[in-house]
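Beneath this line is the structure, given in structure tokens, with notes to follow.
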Amino acid sequence: MIAIGSDHGGYTLKQEIIKYFKENNIEYKDVGCNSEESCDYAQFGKAVAKLVIDGECEKGIVICGTGIGISIAANKIKGIRAALCHDCFSAQATREHNDANILALGARVVGPGLAIKIVETFLGTEFSNDERHVRRISQIEE
Ligand code: RB5
């Protein structure tokens, strides 16, 4: 199960990603927002983060205009490693090296085609489990 949330700036891209989830039988939980009406990103970043930390969802996706505000908000929740990625290399590396549990996207930065590729890469890449990466992540948690 993948948690997904956005503010108004990310709403249209969120709907594109949900369409991709439906086409690919990927289960998801949409925490909102529900329109392009102006709203505040922190609550949606936090809602996605909570679903991941509570174990209800294995990973999360958060979207705002830049991806920055909502990723900062999600990263305030202990145990969350939200990675803002606008290319596939970063999406793969952050899964392999950082075991990122939330992907952040900026809908005003990338188009839907690239965004879907980044989502595919993020969700399809496992953590390496290399000792050095496990050590570095535990240092973040400390
Ligand atoms: C909303 O206008 C915009 O500030 C927001 O979507 C996001 O980019 C903030 O980081």
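These values consider heavy atoms only, across backbone and side chains, with no hydrogens, waters or symmetry-generated copies. Count residues from 1 along the sequence. Read the numbers this way: they start at 1 and go in the same order the structure lists the ligands and their atoms. If you're wondering where the values come from, they're calculated on a predicted model, not measured in any experiment.
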**Prompt:** Within 4.0 Å of atom 10 (O) of ligand 1 (strictly less), any protein heavy atom?
**Reply:** yes
**Prompt:** Taking N or O atoms only and a 3.5 Å limit, does Gly69 qualify as a polar contact for ligand 1?
**Reply:** yes
**Asked** Is Tyr41 in polar range of ligand 1, meaning some N or O pair under 3.5 Å apart?
**Response** no
**Prompt:** Is the side chain of His133 donor-acceptor paired with the backbone N or O of Glu96 at a distance under 3.5 Å, no angle test?
**Reply:** no
**Message:** Please classify the Asp7 to ligand 1 contact at 4.0 Å (heavy-atom distances, strictly less than): side chain, backbone, both or neither.
**Reply:** side chain
**Asked** Can you tell me the protein heavy atom closest to atom 2 (O) of ligand 1 and the distance?
**Response** Arg108 NH1, 3.3 Å
**Asked** Could you give the distance from CD1 (Ile70) to CG (Leu105), rounded to the nearest 0.5 Å?
**Response** 10.0 Å
**Message:** Please check this pair: side chain of Lys14 against backbone of Cys33, looking for a donor-acceptor N/O pair closer than 3.5 Å.
**Reply:** yes
**Asked** From Phe122 CZ over to Gln92 CD, what is the distance, rounded to the nearest 0.5 angstrom?
**Response** 12.5 Å
**Prompt:** Between Gly65 and ligand 1, is there a nitrogen or oxygen pair with a distance under 3.5 Å?
**Reply:** yes
**Request:** Identify, for atom 7 (C) of ligand 1, the protein heavy atom at the shortest distance, and state residue, atom and that distance.
**Result:** Cys64 SG, 3.3 Å
**Request:** May I ask you to decide if Ala42's main-chain N or O and Asp40's side chain share a donor-acceptor pair within less than 3.5 Å?
**Result:** no
**Complete:** If we number the atoms of ligand 1 from 1 as shown, the ones under 4.0 Å from a heavy atom of His8 are 1 (C), 2 (O)
**Message:** Please check this pair: side chain of Ser71 against backbone of Ile68, looking for a donor-acceptor N/O pair closer than 3.5 Å.
**Reply:** yes
